[in-house]
Each structure stands twice: as structure tokens, then as C-alpha cells.
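Order of the sequence lines sets the chain letters (A, B, ...), proteins ahead of strands, with each chain counted from 1.
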Amino acid sequence: MKLGRDFFENASFDVARELLGCFVVHTTASGKIVGRIVETEAYGDSTDLASHARFGPTQRTKIMFGPAGHLYVYSIYGIFNLTNIICGPDGHPSAVLIRATEIIEGQEAAKTNVSNSKFAKANDKIATGPGKLSLALGIDRSHNGIDITNSDEIYILPRTATDKFDVVSTARIGIEYSKHSKELPWRFYIRNNKFVSKK
DNA sequence: ACATGGATTCGCT
DNA sequence: GCGAATCCATGTT
């Protein structure tokens with residue numbers, strides 16, 4: 001059973017933590033690709049100076065102000081797409097960035113996707129980092145706005161009951177410009193997991 | 001219209 | 001630790 005809207009309607013930092021161990025499923029033309037989430041980051045409203053929502057709703061970010069459970073995919077550095085899931089009640093902008101997964105199904109399709117880019121390497125860690133992850137899973141801006149609680153193409157499955165791990169929280173990556181917000185401990189990852197993007 | 005810079009990644013130093 | 005690759009959303013003229 002895929003995760004439903006109520007799972008994503010909570011605060012983004014809670015959703016980010018709860019998503020660890022869950023599975024992203026994407027059925028692509030070249031096959032089904034499944035990744036176990038091992039690293040996430042939460043982004044908030046206008047008080048979070050690292051969030052795209054800090055300037056209010058714009059053409060790009062208006063999806064963040066809509067209902068939870070939708071995908072927010074945007075391009076960065078003209079090279080990569082980053083995959084986020086909208087959280088919180090309708091009208092309150094927040095999201096979780098999926099930063100790293102361990103590919104557990106569809107390895108070959110994922111590897112092919114990554115090797116199509118000259119800016120990412122298709123080694124054994126093909127979905128370790130938000131740019132590579134989107135590439136590997138075949139997610140691009142054409143998926144922006146999709147409701148993953150009501151889609152057969154992309155959805156999230158809950159973690160398995162027997163999957164136990166420690167959660168580490170740290171400051172977020174790549175947001176040095178965001179003044180006091182850069183210290184918020186809103187990055188979460190599974191301790192000692194080798195697919196986490198940075199130590 | 002134009003200028004700016006980014007929720008990245010890799011490779012070289 | 002640093003620069004390059006590369007494009008488009010956003011803010012300014």
C-alpha cells in the first residue's frame with residue numbers, strides 16, 4: 001500500500017525523518033526502479049531562509065503552497081533535477097528533498113539513466129546525492145506537480161517493520177547563503193549507511 | 001531585455 | 001579545497 005496524503009500533511013522535518021527506510025517506486029519505460037530512502041532534508045516556509053518558498057509563491061514555487069503529496073521537481077545549475085515532496089496543510093509551503101537512495105530494484109535501468117549524463121558517474125553508488133538520485137530514478141521536470149498519493153507511475157511504499165536503524169540529524173547541505181537557517185538540523189540520514197551522500 | 005547565481009557533481013590540486 | 005559545466009527562474013533596468 002502506497003503512502004497516502006495524511007502521511008505528508010505533517011511538518012516537513014517530521015516527514016523527512018519518517019521517510020527514511022521508505023521506498024520510492026518509479027515505473028519507467030525501461031522498467032520498474034525502486035530506491036530505499038537513506039537521506040532526506042526538510043525545507044520550510046518564508047521563515048526558512050534556505051527554502052525556495054522564502055519569496056512567496058512564484059511560477060516555480062507555487063506547487064509548494066498547494067496540498068501535500070505532490071512532487072516538486074526543479075532544475076539546478078542547468079544540469080540536475082532535484083526531487084521534493086510537498087508537505088503540510090494546503091496553503092502552507094514546505095517540502096522534503098530526497099537526497100539519497102539505495103537502488104534495490106531496476107539497477108540496470110538506473111545505471112543506464114545515470115550514464116546518459118556526462119556530469120554524473122554510473123558506479124555502484126548511482127543514487128547518492130539529490131542530482132544523481134533524480135537521474136537514476138528517471139525523474140525530471142515533466143514529473144513536477146504529480147500527486148504521488150494518487151499515481152501508479154510514482155509513489156512511496158512504507159518501510160518494512162523489521163527495518164531498524166539509527167537516525168542522524170545535521171545541518172543541511174549547500175545552503176551557506178541562508179544565514180541563521182543554515183544551522184537548522186533538518187537533514188536526516190541513516191547512521192552508517194554507505195549510500196548517504198556525505199559523512 | 002539583461003544580469004545573477006543556485007537545495008550539484010566530478011576531477012584536479 | 002576549487003573551478004567548470006550549463007540553463008532558467010528571479011529580480012532589476
Participant: Among A:T160, A:T101, A:D163, exactly one meets side chain to side chain donor-acceptor pair (under 3.5 Å) together with A:R36. Which residue is that?
Facilitator: A:D163

Participant: For A:Y74, check ring pair (Phe, Tyr, Trp, His ring centres under 6.0 Å) against everything at least two apart and list the hits.
Facilitator: A:H52, A:Y72

Participant: What residues, two or more places apart in sequence or in another chain, satisfy ring pair (Phe, Tyr, Trp, His ring centres under 6.0 Å) together with A:H143?
Facilitator: A:H26

Participant: Check ring pair (Phe, Tyr, Trp, His ring centres under 6.0 Å) between A:H70 and all other residues, then give those that pass, not counting sequence neighbours.
Facilitator: none

Participant: Would you write the dot-bracket representation of DNA chain C, where each base gets (, ), [, ], | or . depending on whether it forms a Watson-Crick or G-U pair under 3.5 Å and with which partner?
Facilitator: |||||.||||||.

Participant: Within the structure provided, determine whether A:L137 and A:I98 are in side-chain contact (heavy-atom separation under 4.5 Å).
Facilitator: no

Participant: Using heavy atoms to find the nearest nucleotide of DNA chain B for A:N123 and A:I173 separately, return the residue whose nucleotide is more 5′.
Facilitator: A:I173

Participant: Could you tell me how far apart A:F119 (CZ) and B:dT9 (C1') are, to the nearest whole angstrom?
Facilitator: 9 Å

Participant: Check every nucleotide of DNA chain C for an atom under 4.0 Å from a heavy-atom of chain A, then give the first and the last such nucleotide from 5' to 3'.
Facilitator: C:dA5 to C:dG11

Participant: Roughly how many Å apart are B:dG5 and C:dT13, using the P atom of each and rounding to a whole number?
Facilitator: 14 Å

Participant: According to the salt bridge (charged side-chain N to carboxylate O under 4.0 Å, His left out) rule, which pairs have a member within residues 37-52 of chain A, sequence neighbours left out?
Facilitator: A:E39-A:R99, A:E39-A:R187, A:E41-A:R99, A:D48-A:R172

Participant: How far, in whole Å, is C:dG11 from B:dA7 if one measures between their P atoms?
Facilitator: 13 Å

Participant: Output every pair passing ring pair (Phe, Tyr, Trp, His ring centres under 6.0 Å) with a member in residues 90-129 of chain A, not counting sequence neighbours, ordered by first then second residue.
Facilitator: none

Participant: Any ring pair (Phe, Tyr, Trp, His ring centres under 6.0 Å) pairs touching residues 162-186 of chain A, not counting sequence neighbours?
Facilitator: A:F13-A:W186

Participant: What is the separation between atom CG on A:L135 and atom C1' on B:dA7, rounded to the nearest whole Å?
Facilitator: 16 Å

Participant: With a 4.0 Å heavy-atom cut-off, tell me which residues in residues 56-84 of chain A come close to DNA chain C, sorted by residue number.
Facilitator: A:T58, A:Q59, A:R60, A:T61, A:Y77, A:G78, A:I79

Participant: Within this structure, what is the CZ-to-P distance between A:F188 and B:dA7, rounded to whole angstrom?
Facilitator: 19 Å

Participant: On DNA chain C, nearest-nucleotide positions of A:R141 versus A:K118: which is more 5'?
Facilitator: A:K118

Participant: Which ILVMFWY residues are connected to A:F23, directly or by a chain of links, through side-chain heavy atoms under 4.5 Å apart?
Facilitator: A:V25, A:V34, A:I104, A:Y155, A:L157

Participant: Can you check the A:K182 NZ to B:dG6 P distance for me, whole Å?
Facilitator: 14 Å

Participant: Among pairs that include at least one residue of residues 143-152 of chain A, which meet salt bridge (charged side-chain N to carboxylate O under 4.0 Å, His left out), considering only residues two or more places apart or in two chains?
Facilitator: A:K2-A:D152, A:R5-A:D147

Participant: Whole-Å distance between B:dA7 P and A:I175 CD1?
Facilitator: 9 Å

Participant: For A:L49 and B:dA7, give me the distance from atom CG to atom P, rounded to whole Å.
Facilitator: 13 Å

Participant: Pick the P atom in B:dG6 and in C:dC2, then give their distance to the nearest Å.
Facilitator: 16 Å

Participant: What's A:Y43 touching, base or sugar-phosphate or nothing? Going by heavy atoms closer than 4.0 Å.
Facilitator: base

Participant: Using the side chain to side chain donor-acceptor pair (under 3.5 Å) rule, collect all pairs that involve residues 123-132 of chain A, keeping only residues at least two apart or in two chains.
Facilitator: none

